[in-house]
Number of protein chains: 2
Amino acid sequence: MFKPVLIEPSIYCQLDIVQFKSSCAACSLRELCLPVGLNEDEVKKLDIVSQKRKITRGGYLHHAGAKFQSLYAIRSGFLKTCVLEQDGRHQVTGFHMTGELLGLDAISTDVHTCDAIALEDSEVCEIPFAKLEEISRTIPSLMRHFHKIMSREIVRDHGVMLLLGSMKAEERLASFLLNLSRRFHLRGYSEYNFNLRMTREEIGSYLGLKLETVSRAFSKFQDEEIITVDNKHIQIKDIARLRMKLSNSDVS
Amino acid sequence: MFKPVLIEPSIYCQLDIVQFKSSCAACSLRELCLPVGLNEDEVKKLDIVSQKRKITRGGYLHHAGAKFQSLYAIRSGFLKTCVLEQDGRHQVTGFHMTGELLGLDAISTDVHTCDAIALEDSEVCEIPFAKLEEISRTIPSLMRHFHKIMSREIVRDHGVMLLLGSMKAEERLASFLLNLSRRFHLRGYSEYNFNLRMTREEIGSYLGLKLETVSRAFSKFQDEEIITVDNKHIQIKDIARLRMKLSNSDVS
DNA sequence: CGTTGCATTGAGGAAAATCAAGTTGAGTGG
DNA sequence: CCACTCAACTTGATTTTCCTCAATGCAACG
């Protein structure tokens, strides 16, 4: 089922065996998570740092308000992050998968500003931030890479702001599906067939819509034969028309 | 009119005189822009870096798509940043004032992802990013401070996402006004009286509303005697009730 | 086999967008 | 100083979109 694109299957199998010995050198996510071009010594420095941790479905990786110690690189699984306001308002700010880095928001105040919750059994590398900063002083390419990751998060957030501020319901859902499709594809899964890990309500929260609106939009896309929806399973039948949903608002 | 809170007026006047000699040591924004606790030698290292630049009202600090070289610290003035999509969709992602840092989004791809436009005559310090990274390797507190600034931007964006995803028009406008009020206050201006630098349309774009909706919400707040609006001039008459607009939706 | 959580669908209503006049105010030039 | 222009703003009427409320379906699970 798992088909890594970046490495040989044999290497991946080997990984499976050593999976409780933390090792960046052998990690299948090296290309996602670390800058290319580190030499062996540099990679070894990192090995000291990280430690693995498992979170079962529904479990918290961290709570909003918790003291910040570490960033988390997702090794496998699927998580959501949500911000909460004192008045009970809350919102999913992102869905996160293999190779992505969580906890960047907490650097600013040394306190996590969001909950991170596993939507399926997941495994993360815990990276103590103080150590990462220390090591990155001696490895400029690592520092640069880290800055790019933070910046990418800012760019991503701006994209979501654009979505929330100027798209209609169907455009939002199309954008969401295309984004998921691309990210699954990057990780070696089918870009046309995948299972949603989140509920309609969580999708709605992320997209600034109510769950009924999400459901209706799914049904509409299905009627139009752009996708098929079977509960959590999505098949994209006509990705070109799904992309068209983004740019124009003309409906037959 | 200008009443800096963090430094003595005399120091500020002195600054006015030397304003074309770039000097972080003498800058009135030191506390905003630099980590506290740098010694003189460390501050001098920074002086090499930055160079001033003026942008007149309506002018671009940078265009989306431009090659990224430098971050910009705002010394004075007021700017907006907007993202644009290929399909013509565009959105204001932020309004920025004295002491804030622009260009963080561009680190990820070495290309600016948004336009930055001056809404009044402004002055910025140009900080070549490569040099900043280099210096921050030798000054850990500077590196830490920079990471906190990036992280703060992520937290800010999450706040905007929450606003766009789950607030009604009046709540958004109230949130916007309170945010401006706080930021003016921090910079030594009145928290109850200020002039908007942006149009209703720009406010609307930022808040995910049409300009007419913004205008109506202003009028409503005025009818309720929470604020007075005279074109661009805003007076907050009852900040408590403005804050209430955020938390509850009950209207008399 | 009832309970529970999630999803779908319909009907009605509220919020904001859109469309359409007007108004105001700053800048321009006679 | 006045007329003119233009952009920004306000306000009202109408339409669209999405939310809310409610009923129902459906699969998983003790």
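Chain identifiers are assigned alphabetically (A, B, ...) following the order of the sequence lines, protein sequences preceding nucleic acid strands; residue numbering begins at 1 within each chain.
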Output every pair passing salt bridge (Lys or Arg N to Asp or Glu O under 4.0 Å) with a member in residues 56-65 of chain A, not counting sequence neighbours, ordered by first then second residue.
-> none
How does protein contact run along nucleotides 23-30 of chain D, one letter per nucleotide 5' to 3', with B for base contact, S for sugar-phosphate only, - for none, heavy atoms under 4.0 Å?
-> --------
Take B/R89 and A/E171, measure what salt bridge (Lys or Arg N to Asp or Glu O under 4.0 Å) needs, and give me the verdict at the end.
-> CA-CA 12 Å; B/R89 219 190 292 271; A/E171 296 171 326; 3.5 Å; yes
Spacing between A/F221 atom CZ and C/dA7 atom P, to the nearest angstrom | 17 Å
In short, B/T56 meets B/A118 closest at the heavy-atom pair O-CB, 3.8 Å
Within residues 196-206 of chain A or reaching into it, pairs that qualify as salt bridge (Lys or Arg N to Asp or Glu O under 4.0 Å) - sequence neighbours excluded | A/K80-A/E202, A/E120-A/R197
B/R152 bridged to B/E100 by N-O distance under 4.0 Å | no
Take the protein atom CG of B/D230 and the nucleotide atom P of D/dA8, then report the distance between them rounded to whole Å.
-> 17 Å
Roughly how bent is the helix from C/dC1-D/dG30 to C/dG30-D/dC1 end to end, in steps of 10 degrees, with each end axis from five pairs?
-> 30°
Can you tell me the distance, in whole Å, between the CD atom of A/E201 and the P atom of D/dT20?
-> 12 Å
Output the single nucleotide from D/dC18, C/dA16, C/dT8 whose closest atom is nearest the side chain of B/K168.
-> C/dA16
Distance in angstrom units between A/R172 CZ and D/dT17 C1', rounded | 11 Å
Taking only side-chain nitrogens and oxygens of B/T199, does any of them come within less than 4.0 Å of OP1 or OP2 of D/dA7?
-> no
Rounding to a whole Å, what distance do you find between A/M198:CE and C/dG5:C1'?
-> 17 Å
With A/D121 via side-chain hydrogen bond (donor to acceptor under 3.5 Å, both in side chains) - residues at least two apart | none
Starting at the 5' end of DNA chain D and moving along, which residue's nearest nucleotide shows up first, A/M167 or B/R200?
-> B/R200
Whole-Å distance, B/K220 NZ to D/dT11 P, equals 14 Å
Start with the C-alpha gap between B/L101 and B/I127, add the side-chain angles, then the distance that decides, and say whether side-chain contact (heavy atoms from CB on, under 4.5 Å) holds.
-> CA-CA 10 Å; B/L101 202 59; B/I127 306 169; 4.2 Å; yes
In whole angstroms, how far is the P atom of D/dA8 from the CZ atom of B/F218?
-> 15 Å
Describe, in one word, how the ring planes of B/H112 and B/H62 are oriented to each other, choosing from parallel (under 30°), tilted (30 to 60°) and perpendicular (over 60°).
-> parallel
Note: B/S76 and B/T98 closest approach over all heavy atoms is CA-OG1, 3.7 Å
Rounded to the nearest angstrom, tell me the gap between atom CG in B/N195 and atom P in C/dA26.
-> 12 Å
Angle class for the B/F184/B/F78 ring planes (parallel below 30°, perpendicular above 60°, tilted otherwise)?
-> parallel
Classify the side chain of A/R216 and the base of C/dG10 as holding, or not holding, a donor-acceptor pair under 3.5 Å.
-> yes
Given salt bridge (Lys or Arg N to Asp or Glu O under 4.0 Å), test B/K220 with B/E224 step by step and report yes or no.
-> CA-CA 6 Å; B/K220 177 112 185 298; B/E224 294 174 332; 3.3 Å; yes
Could you identify which residues of residues 206-215 of chain A place a heavy atom less than 4.0 Å from some atom of DNA chain C, listed by residue number, or say none?
-> A/L211, A/E212, A/S215
